Amino acid sequence: MLCRVTSDTGVVVGVPRETAAGERRVALVPKVVERLRAKGLAVVVEEGAGLGALIPDREYEQVGATIGDPWAADVLVKVNPPTEEEVGRLREGATLIGFLAPLTSPETRDRLRGAKVTGFAMESVPRISRAQSMDALSSQANVAGYKAVLLAAEQSTRFFPMLTTAAGTVKPATVLVLGVGVAGLQALATAKRLGARTTGYDVRPEVSEQVRSLGAQWLDLGIEAAGEGGYARELTEEERAQQQQKLTEAISTFDVVITTALVPGRPAPKLVVAQAVEHMRPGSVVVDLAGETGGNCELTEPGEVVVKHDVTIASPLNLPATMPEHASELYSRNVQSLLELMLTEDGKVEPDFTDEVLAKSCVTRDRES
Amino acid sequence: MLCRVTSDTGVVVGVPRETAAGERRVALVPKVVERLRAKGLAVVVEEGAGLGALIPDREYEQVGATIGDPWAADVLVKVNPPTEEEVGRLREGATLIGFLAPLTSPETRDRLRGAKVTGFAMESVPRISRAQSMDALSSQANVAGYKAVLLAAEQSTRFFPMLTTAAGTVKPATVLVLGVGVAGLQALATAKRLGARTTGYDVRPEVSEQVRSLGAQWLDLGIEAAGEGGYARELTEEERAQQQQKLTEAISTFDVVITTALVPGRPAPKLVVAQAVEHMRPGSVVVDLAGETGGNCELTEPGEVVVKHDVTIASPLNLPATMPEHASELYSRNVQSLLELMLTEDGKVEPDFTDEVLAKSCVTRDRES
Amino acid sequence: MTDLVHVLYIVAFALFIYGLMGLTGPRTAVRGNWIAAAGMVIAIIATLLTPGESNWWLIVLGVVLGAVVGVPAARQVKMTAMPQMVALFNGVGGGAVALIAWVEFRDSHAYANEPAYVAVTSLFAAIVGSISFWGSLVAYGKLQEILPGKPISLGKPLQQLVNLGLLVVSVVLAVIIGFGVDSELLIIGVLVFAAVLGLLVVLPIGGADMPVVISLLNAFTGLSAAATGLALDNTAMIVAGMIVGASGSILTNLMAKAMNRSIPAIVAGGFGGGGAAAAAGGEGAEDKTVRSTSASDAAIQMAYANQVVVVPGYGMAVAQAQHAVHEMGKLLEAKGVEVKYAIHPVAGRMPGHMNVLLAEADVPYDQLKEMDDINGEFSRTDVALVIGANDVTNPAARSNPGSPIHGMPILNVDQAKSIIVLKRSMNPGFAGIENELYYDAKTAMLFGDAKGSVQSITEELKAL
Amino acid sequence: MTDLVHVLYIVAFALFIYGLMGLTGPRTAVRGNWIAAAGMVIAIIATLLTPGESNWWLIVLGVVLGAVVGVPAARQVKMTAMPQMVALFNGVGGGAVALIAWVEFRDSHAYANEPAYVAVTSLFAAIVGSISFWGSLVAYGKLQEILPGKPISLGKPLQQLVNLGLLVVSVVLAVIIGFGVDSELLIIGVLVFAAVLGLLVVLPIGGADMPVVISLLNAFTGLSAAATGLALDNTAMIVAGMIVGASGSILTNLMAKAMNRSIPAIVAGGFGGGGAAAAAGGEGAEDKTVRSTSASDAAIQMAYANQVVVVPGYGMAVAQAQHAVHEMGKLLEAKGVEVKYAIHPVAGRMPGHMNVLLAEADVPYDQLKEMDDINGEFSRTDVALVIGANDVTNPAARSNPGSPIHGMPILNVDQAKSIIVLKRSMNPGFAGIENELYYDAKTAMLFGDAKGSVQSITEELKAL
Amino acid sequence: MFLANLAILVLAGFVGFAVISKVPNTLHTPLMSGTNAIHGIVLLGGLVVIGLTASGVLDKILLVIAIAFGTINVVGGFLVTDRMLGMFKNKDKKGADND
Amino acid sequence: MFLANLAILVLAGFVGFAVISKVPNTLHTPLMSGTNAIHGIVLLGGLVVIGLTASGVLDKILLVIAIAFGTINVVGGFLVTDRMLGMFKNKDKKGADND
Ligand SMILES: NC(=O)c1ccc[n+]([C@@H]2O[C@H](COP(=O)([O-])OP(=O)(O)OC[C@H]3O[C@@H](n4cnc5c(N)ncnc54)[C@H](OP(=O)(O)O)[C@@H]3O)[C@@H](O)[C@H]2O)c1
Ligand SMILES: NC(=O)c1ccc[n+]([C@@H]2O[C@H](COP(=O)([O-])OP(=O)(O)OC[C@H]3O[C@@H](n4cnc5c(N)ncnc54)[C@H](OP(=O)(O)O)[C@@H]3O)[C@@H](O)[C@H]2O)c1
Ligand SMILES: NC(=O)c1ccc[n+]([C@@H]2O[C@H](COP(=O)([O-])OP(=O)(O)OC[C@H]3O[C@@H](n4cnc5c(N)ncnc54)[C@H](O)[C@@H]3O)[C@@H](O)[C@H]2O)c1
Ligand SMILES: NC(=O)c1ccc[n+]([C@@H]2O[C@H](COP(=O)([O-])OP(=O)(O)OC[C@H]3O[C@@H](n4cnc5c(N)ncnc54)[C@H](O)[C@@H]3O)[C@@H](O)[C@H]2O)c1
């Protein structure tokens with residue numbers, strides 16, 4: 001069955017099976033394949049590409065995709081950055097869409113440039129209202145925020161909700177979310193749903209209203225650091241020291257701390273120092289979503305669940321992959337929107353680089369010098 | 001440090017470290033120890049007894065317990081039934097309080113009788129309003145119901161709540177709870193909190209109002225089987241067939257099925273047959289809380305998480321142990337209430353067996369013939 | 001009457017109306033009252049300016065007498081005795097009308113040279129004024145506890161027959177006068193029969209219904225004043241009297257509605273007796289009567305309380321009333337009432353049942369009180385609002401060793417100053433046993449689905 | 001006037017008042033109107049019964065003429081042309097008053113043998129009637145687009161000086177008449193100067209303010225009718241005229257307030273011009289005026305709608321209004337209105353923000369509609385209620401390629417038949433851009449915190 | 001007489017004031033139209049004057065016009081108001097079963 | 001005269017009706033007390049009759065009593081109402097910040 005597929009009508013889109021460890025997502029789900037087919041695109045899906053998300057191959061076939069070798073396609077859509085070997089399998093002049101980690105792993109970009117592949121990085125889609133449907137960072141962060149709370153509740157030795165029972169009253173857990181971007185907001189919302197008392201903290205001042213709009217409290221430490229494009233900037237040395245000290249005091253009163261603070265292209269700020277963990281009640285939980293860039297907690301061991309000072313510290317690396325079906329679904333819709341932006345009326349892939357969204361998200365161009 | 005401790009003032013209560021696999025609970029938490037101390041009892045806690053629940057020994061010492069050998073105490077409080085070896089370590093004439101599995105493992109009772117130990121089984125406390133504070137089945141089932149939902153959400157490849165996002169709308173998960181006792185009610189409540197659409201089913205007709213009182217729907221299959229003491233009776237062969245068939249139809253429309261159906265002293269009723277699992281959408285989840293007595297689902301492998309027909313089937317065996325701090329806290333309050341019922345004014349343990357609660361929960365008496 | 005007097009009268013009644021408009025809102029009420037009083041001063045001055053006015057000393061005598069009695073009475077009366085004071089003041093107003101009518105009869109020699117309408121209005125004033133006077137006196141006596149608070153009645157059908165008879169006799173006597181028979185006995189007869197009627201109508205009415213009755217008599221006095229105004233061709237009296245008559249009637253209706261009474265039922269007598277006795281007596285659970293109440297009454301009780309403790313139970317869950325309950329709670333807090341929620345450990349049907357619901361409705365965590373924390377507070381709680389809870393409030397658990405729930409710790413709701421229970425019927429709860437609490441004299445039942453009841457209370461609260 | 005006529009007049013005005021009370025509530029309005037009409041019939045019959053009434057043929061002629069013109073006009077006018085019709089009817093009423101005053105002047109030979117008040121009231125009627133007549137005609141002309149809708153003015157200070165001058169001249173002429181000078185030229189002068197005043201006052205007023213002006217002229221006509229009634233000693237006219245005068249003044253005030261205008265500013269002219277064009281024209285967001293509304297109005301609009309679509313946004317979250325919104329929704333449904341919630345994919349500040357809140361408030365899942373499902377429905381939606389949403393409703397995303405949000409799919413709220421927007425101010429949302437929707441002629445803004453606004457609407461709905 | 005009328009005038013003013021204290025916006029226009037119809041009462045003025053005092057031809061012409069004007073005001077006013085209120089007619093049923 | 005007075009009576013009735021259309025329960029008692037004070041207007045009747053027509057001794061006695069009664073009604077009524085309304089004087093503040 002592994003054979004090259006071309007479409008008489010035009011562009012072929014390839015969907016490989018993700019090879020990164022622990023990855024269960026797939027770049028296109030059958031629903032989206034169906035829509036692309038309706039636009040006249042051919043779709044080739046690697047055998048077992050959907051298995052991690054419990055999507056059997058037959059579902060792809062039912063919507064008109066071919067099971068075969070995706071690497072020869074005109075447009076390859078992926079979730080994770082391609083390995084060196086995978087880049088080698090790409091056709092020259094092909095287009096690659098996926099998370100390409102342009103800021104943290106420049107070598108991927110260099111390899112793609114070498115292979116003469118046009119690469120669009122999902123993380124570089126600008127955070128503007130119009131581009132929200134292509135914003136995979138948001139859609140995946142949303143999954144991560146939700147899952148982080150489930151993980152915290154799972155790890156906690158305590159209940160989240162308040163329960164008045166015949167065997168005594170259980171106080172509601174207090175949850176602190178540090179860094180309230182998309183993931184942080186969803187974490188606050190989910191923790192509140194589960195009955196916890198929630199508090200949010202961020203350095204961008206406009207976030208306080210958003211935190212309150214979810215029924216959470218705002219932890220005000222008096223440090224403001226709004227950066228560009230809706231992101232935060234890195235703190236100065238002095239600000240950092242001040243922040244750590246004030247946070248250490250605050251953290252000791254919480255049962256659960258969920259950290260999501262990121263600064264684009266920089267190591268994650270250290271918000272929870274070792275001493276803060278020490279002061280927490282035994283049995284408390286820290287979930288650190290910033291593990292990939294070093295973690296927001298000093299004691300974090302990225303990818304591990306460790307117990308230190310009787311506090312459980314979990315740093316899951318790829319939470320969206322733990323909810324593969326919906327994470328893939330949302331991701332493929334993002335990809336679909338971006339792909340549709342590149343399509344011409346007659347179904348060719350010809351990105352208009354005067355469009356801010358395409359210009360910003362494109363990291364390599366095959367016709368580049 | 002391991003030495004026998006007696007109390008000048010009276011009774012000594014011993015708290016051993018639980019030895020069952022995966023058990024993280026402890027029979028008394030420091031808060032309750034403090035209260036027992038205030039009543040003039042001495043408490044001996046085995047070294048590391050609280051470690052599973054992330055309760056360090058120093059916390060016990062702070063409230064006046066001695067770290068030492070609990071097995072020589074007058075009253076031994078445990079969570080799980082004692083092993084043969086443990087029964088051997090008990091003092092003759094001692095009192096043992098804990099889950100003793102009187103209906104499912106009669107050999108424990110025989111051993112206790114042999115050792116001339118008075119045993120009180122927590123599962124035999126009658127389900128009457130007055131005894132609710134000693135009702136450990138309820139308090140632990142409550143934990144199990146809550147945790148079952150977290151587990152289901154964790155295992156699900158999908159979101160529980162509805163989310164309308166730029167990348168598409170996610171429908172709320174539909175959750176069906178089969179067998180709505182204490183655990184089932186808490187499962188319904190927790191799933192609803194997480195945003196799922198919930199439905200409950202039971203054979204006791206009075207449950208329908210309770211299900212609705214949690215904002216859930218009632219699945220009416222027209223089979224009634226109320227038994228004694230608020231429990232259900234076993235179904236007849238014919239009823240069972242009818243139930244399975246109707247349930248198979250209903251189940252296919254749900255994303256998550258949580259089963260908690262038990263009949264005291266009987267194997268768990270099989271509610272979810274293999275065919276029902278097959279008809280579920282790929283990626284769906286079954287959480288079977290009846291694993292200990294064989295499971296409510298035909299494909300359950302007790303204690304395991306398996307994927308069959310692209311459906312994840314989880315059958316955790318001891319969910320309360322996964323939330324050890326609060327589960328222990330609630331359990332120790334139950335134990336405390338029962339213990340206090342046995343105490344005389346001057347602090348001796350002299351159970352009044354005319355009291356319905358003590359009479360029913362006592363499984364062996366040292367003075368028995 | 002000169003033009004000046006006339007114009008002053010117009011000014012006076014304009015002030016009455018303006019003042020009355022003010023009296024309908026709490027913010028403007030105080031000022032409104034004084035504006036109306038200013039109108040009254042102008043009206044009196046205008047009258048004294050009437051050309052030909054004489055007998056100044058007698059006028060001074062009367063006014064001084066009235067002031068000497070009225071001012072200290074109004075100043076010193078205790079707040080709790082206000083209602084009977086109003087009854088008394090209303091009564092003397094009616095008395096004045098009756099006396100004036102009597103004098104007019106004498107002066108005009110049975111309306112010999114007057115147009116028909118003077119006779120009609122004047123005799124109407126005599127009858128109504130006399131009823132008001134004596135009826136108000138009885139109301140005063142009952143509220144002041146000079147007369148027994150309990151209904152005094154001849155038995156319903158007989159009573160009504162007698163009343164009707166008295167009314168007919170006095171009207172007939174008046175008609176005879178109208179036909180020109182000039183005998184002082186006749187007018188005295190009119191006054192006396194009306195007086196007896198006033199006495200007999202009010203005597204059978206229980207203390208709880210008194211405010212409605214006073215308001216009704218008030219409206220009557222207003223009408224009699226208007227009638228006197230017609231007889232004397234006095235615009236100020238016509239307008240003032242009529243305004244009081246009309247607004248008084250509506251007010252009576254509103255009051256009756258707020259108390260869940262119908263005016264005919266009250267006047268027919270004996271109805272309000274039970275409630276009155278229970279409210280006054282204070283014990284008497286022995287004969288096991290249950291007092292039921294209305295949403296508006298519950299609303300008022302809570303709005304003017306210092307602390308309200310809400311006791312939710314399984315019924316709140318069944319009714320899914322949690323959102324409504326929280327809305328009500330917020331409203332009470334906005335009115336300055338302290339609101340707490342007492343969560344019994346086994347309320348509902350699963351551990352934490354109430355927590356789930358109240359959290360869903362976003363009730364603040366600090367307001368949820370555990371049993372041990374709240375039980376000490378019931379004795380200083382003005383209103384305990386029990387919403388679909390039953391077993392967890394049953395005092396038998398404390399006091400009746402034979403009860404199946406004896407020994408179970410309960411919420412000491414029965415120690416609150418007053419208790420309002422929301423449930424659908426007198427059916428028992430989970431444990432299947434009766435709840436003595438419902439027969440407590442301090443307890444009022446508001447029957448109906450908990451959600452509906454709470455919503456009605458909320459609406460009433462908003463209207464306050 | 002006989003007693004019968006007098007009594008009938010009393011009945012007539014009682015019916016007017018009763019009818020008018022009915023007109024203040026949607027449920028009783030239709031009946032109220034016909035009750036008032038019945039009063040009018042009685043008043044007319046009573047007048048014809050006046051002894052000595054003659055000239056029957058002329059009366060018939062006048063009435064037939066009036067009916068022939070009035071009935072078809074009222075029957076056939078388009079719904080959209082109603083306001084100018086009312087202006088016209090009001091105008092002819094004023095005209096009638098002016099003409100009667102003129103005839104009275106002639107008949108009485110400049111009030112030779114009449115008491116002073118007859119002269120004063122009659123001349124007052126002449127001036128006010130003439131102003132009303134000509135002012136109303138201009139209002140009619142503008143609304144009917146016979147005259148240009150835009151303000152026609154001499155420039156503010158000059159205009160006001162001229163108007164004042166005209167008023168002074170006509171009053172001075174009237175005073176001269178009052179001093180007994182009997183010259184027909186004088187009364188004609190009074191009428192003409194008042195007429196010019198009426199023209200000049202209304203000409204500079206823009207179309208959007210017209211309803212307020214018509215209401216003001218309506219109140220004037222009422223006063224002039226009352227004055228005529230005083231002059232002719234006709235109770236029915238006094239009462240009816242005065243009621244219209246008083247209620248009309250308040251109504252004018254209420255209308256001005258609802259449109260965010262002050263009456264002096266309107267009469268001073270030129271102010272409302274911009275809005276007029278916008279409202280009348282239908283496009284013209286160029287000059288950008290905003291219409292604000294009240295909770296009661298929003299409530300009525302929704303209560304009588306078939307379908308209401310609620311569009312929540314970040315503002316609902318900030319206000320934590322979700323529970324209030326659901327309560328309102330349930331109330332509307334209870335009134336038979338179909339209620340849907342349109343959830344835009346990026347409403348709020350996180351994916352699923354609205355879902356979290358509405359789920360918390362227990363809004364049924366079926367009522368939550370995705371953008372693609374609901375967008376087709378807006379065109380058959382009577383009211384789109386936008387609660388703190390902004391960017392996600394901005395039509396610029398569809399129509400303005402230069403907009404930073406161009407190309408973003410939005411909720412097509414602007415296709416609804418009418419739109420009510422709840423927000424605190426005219427501040428922009430997340431994207432920081434203006435929203436044309438707010439300047440749409442179909443859009444009304446209800447300013448204030450979303451929770452408070454929704455709660456007020458809910459209360460108004462309950463009162464309906 | 002005048003003073004009694006003055007009293008009536010003042011009272012009528014209060015009635016107008018008290019009745020229209022708080023009216024929903026939607027009813028402003030019909031209410032305006034309804035009050036407009038009521039001041040069609042000026043028709044009575046025309047009837048009285050033409051019936052009792054009018055003499056000259058000009059007087060009569062003026063009065064016929066006045067009566068015509070008054071009639072237009074009355075009949076047009078009530079009819080237009082009724083049409084405006086049409087929106088409340090059928091919807092009433094819908095609301096009825098909820099109170 | 002009587003008919004003018006009748007007109008006045010009817011109008012006054014409407015005023016009373018329109019003013020007290022919807023009053024909060026809490027104000028029922030003070031409002032009752034306030035209207036009670038207003039019908040103290042009967043004092044005027046006493047004044048008029050004693051000043052203009054009264055003749056005999058019994059008449060005078062009766063009228064002095066009537067005037068005294070009327071005065072009690074007036075002054076007592078207004079004073080008691082004012083005291084009752086005392087509760088709104090301070091409570092207003094509490095409520096004020098919530099509307
Ligand atoms: N919490 C637990 O874990 C648990 C578990 C199992 C059993 N229980 C038992 O359940 C009981 C709980 O006590 P409780 O006071 O909460 O409840 P309860 O004693 O069962 O009483 C509930 C009351 O609510 C009323 N009600 C039901 N539906 C209503 C509605 N729609 N609107 C208004 N009222 C309604 C019922 O009276 P009407 O029918 O007259 O309306 C009933 O009397 C205890 O006996 C406890 O032992 C508790
Ligand atoms: N959903 C997401 O994932 C996400 C994430 C990030 C950004 N965004 C962006 O956020 C925007 C969402 O659109 P939206 O329409 O929901 O919100 P929006 O455009 O931000 O507008 C919200 C409006 O609510 C009003 N408001 C705020 N507080 C209020 C209160 N207490 N009461 C009443 N009104 C209040 C504000 O006006 P006043 O100040 O005048 O009251 C404001 O105009 C989009 O531009 C979207 O791109 C969305
Ligand atoms: N306009 C749109 O359509 C759109 C779409 C999605 C997101 N956004 C915006 O983009 C922004 C970034 O969202 P994100 O989730 O990708 O952010 P992120 O993942 O980059 O960072 C997470 C959060 O950490 C915070 N943070 C960084 N340093 C910190 C420190 N030292 N201490 C505390 N907090 C710190 C940031 O402020 C941010 O809120 C948000 O404001 C979001 O609203 C906009
Ligand atoms: N009065 C009290 O104080 C008190 C306290 C706790 C529990 N209870 C009552 O005890 C009862 C039992 O609770 P539990 O949680 O221990 O029950 P359980 O764990 O024994 O069983 C769980 C549920 O499974 C159901 N079930 C059994 N067979 C079934 C079948 N074939 N199909 C479907 N459902 C089936 C049972 O009806 C029960 O609801 C409940 O009614 C509870 O209300 C009472």
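Keep in mind that this is a model prediction, so the values were computed, not measured. Numbers restart at 1 for each chain; the letters A, B, ... are given by sequence-line order, proteins then strands.
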Practice task
Go through the structure and list residues passing side-chain contact (heavy atoms from CB on, under 4.5 Å) with C:Ser122, not counting sequence neighbours.
Solution key: C:Ala101, C:Glu104, C:Tyr111, C:Ala231
Fill in the blank from the handout: In this structure, CG of C:Leu49 is separated from CD1 of C:Ile42 (nearest 0.5 Å) by 11.5 Å
Problem - Selection from C:Ile214, C:Ile243, C:Asp107, C:Thr121 maximising heavy-atom pairs under 4.5 Å formed with chain F - result: C:Asp107
Exercise for the section: Among F:Val49, F:Val42, F:Leu44, single out the residue with the greatest number of heavy-atom pairs under 4.5 Å to chain C. Expected result: F:Leu44
Practice task
Counting only heavy atoms closer than 4.5 Å, note whether C:Ala73 contacts chain F via side chain, backbone, both or neither.
Solution key: neither
Problem - Top contributor to chain C interface from F:Leu6, F:Ile38, F:Val10 [non-hydrogen pairs under 4.5 Å] - result: F:Ile38
Practice task
With a 4.5 Å cut-off on heavy-atom pairs, point out which of F:Val75, F:Val15, F:Leu31 contacts chain C the most.
Solution key: F:Leu31
Exercise for the section: Mind checking side-chain contact (heavy atoms from CB on, under 4.5 Å) for F:Val74 and listing every partner two or more places apart, or none if nothing turns up? Expected result: C:Met40, F:Leu43, F:Phe78
Problem - Contact class of C:Ile59 relative to chain F, heavy atoms under 4.5 angstrom - result: both
Problem - Toward chain F, the part of C:Trp102 with a non-hydrogen atom under 4.5 Å - result: side chain
Problem - Worked verdict on C:Val5 versus C:Thr47 for side chain to side chain contact (heavy atoms under 4.5 Å, CB included) - result: CA-CA 7 Å; C:Val5 173; C:Thr47 308; 5.9 Å; no
Practice task
Kindly compute the distance separating CZ (C:Phe133) from CG (C:Leu88), expressed to the nearest 0.5 Å.
Solution key: 8.5 Å
Problem - Atom pair CG (C:Leu8) and CG (C:Leu48), whose distance is rounded to the nearest 0.5 Å - result: 11.5 Å
Fill in the blank from the handout: If you tally heavy-atom pairs under 4.5 Å between each of C:Leu61, C:Val77, C:Ile17 and chain F, the highest tally belongs to C:Val77
Problem - Distance (rounded to the nearest 0.5 Å) between C:Ile238 CD1 and F:Asn5 CG - result: 3.5 Å
Exercise for the section: Considering only heavy atoms and a distance below 4.5 Å, find which of C:Ala37, C:Gly91, C:Gly52, C:Pro115 pairs most often with chain F. Expected result: C:Ala37
Completion exercise
Residues at least two apart in sequence or cross-chain that pass salt bridge (charged side-chain N to carboxylate O under 4.0 Å, His left out) with C:Glu184, listed by chain then number, are C:Arg106
Exercise for the section: Would you check, one step at a time, whether the test side chain to side chain contact (heavy atoms under 4.5 Å, CB included) holds for C:Ser108 with C:Val118? Expected result: CA-CA 10 Å; C:Ser108 65; C:Val118 172; over 6 Å; no
Exercise for the section: Keeping the roles fixed (side chain from C:Asn55, backbone from F:Ile50), state whether a donor-acceptor pair exists under 3.5 Å. Expected result: yes
Completion exercise
Assert top hit (heavy-atom pairs under 4.5 Å, partner chain C, pool F:Asn36, F:Leu79, F:Asn73) equals F:Asn36
Exercise for the section: Would you give the length of the straight line joining atom CG of F:Leu47 to atom CD of C:Glu53, rounded to the nearest 0.5 angstrom? Expected result: 6.0 Å
Handout entry: From OG1 (F:Thr81) to CE (F:Met32), nearest 0.5 Å
Key = 9.5 Å
Handout entry: Max heavy-atom pair count under 4.5 Å with chain F, selected residue of C:Phe13, C:Phe16, C:Tyr117
Key = C:Tyr117
Handout entry: When C:Val97, C:Thr221, C:Thr228, C:Val64 are compared by non-hydrogen pairs under 4.5 Å with chain F, the top option
Key = C:Thr221
Handout entry: C:Ser215 portion near chain F, given a 4.5 angstrom heavy-atom threshold
Key = both
Practice task
Find out whether C:Val239 and F:Ile8 are in side-chain contact, i.e. whether some heavy atom of one side chain is under 4.5 Å from a heavy atom of the other.
Solution key: yes
Problem - Contact listing (chain F partner; residues 65-72 of chain C; heavy atom under 4.5 Å) - result: C:Leu65, C:Gly66, C:Ala67, C:Val69, C:Gly70, C:Val71
Exercise for the section: Select, from C:Asn33, C:Leu58, C:Ile44, the one with the greatest count of heavy-atom pairs under 4.5 Å involving chain F. Expected result: C:Asn33
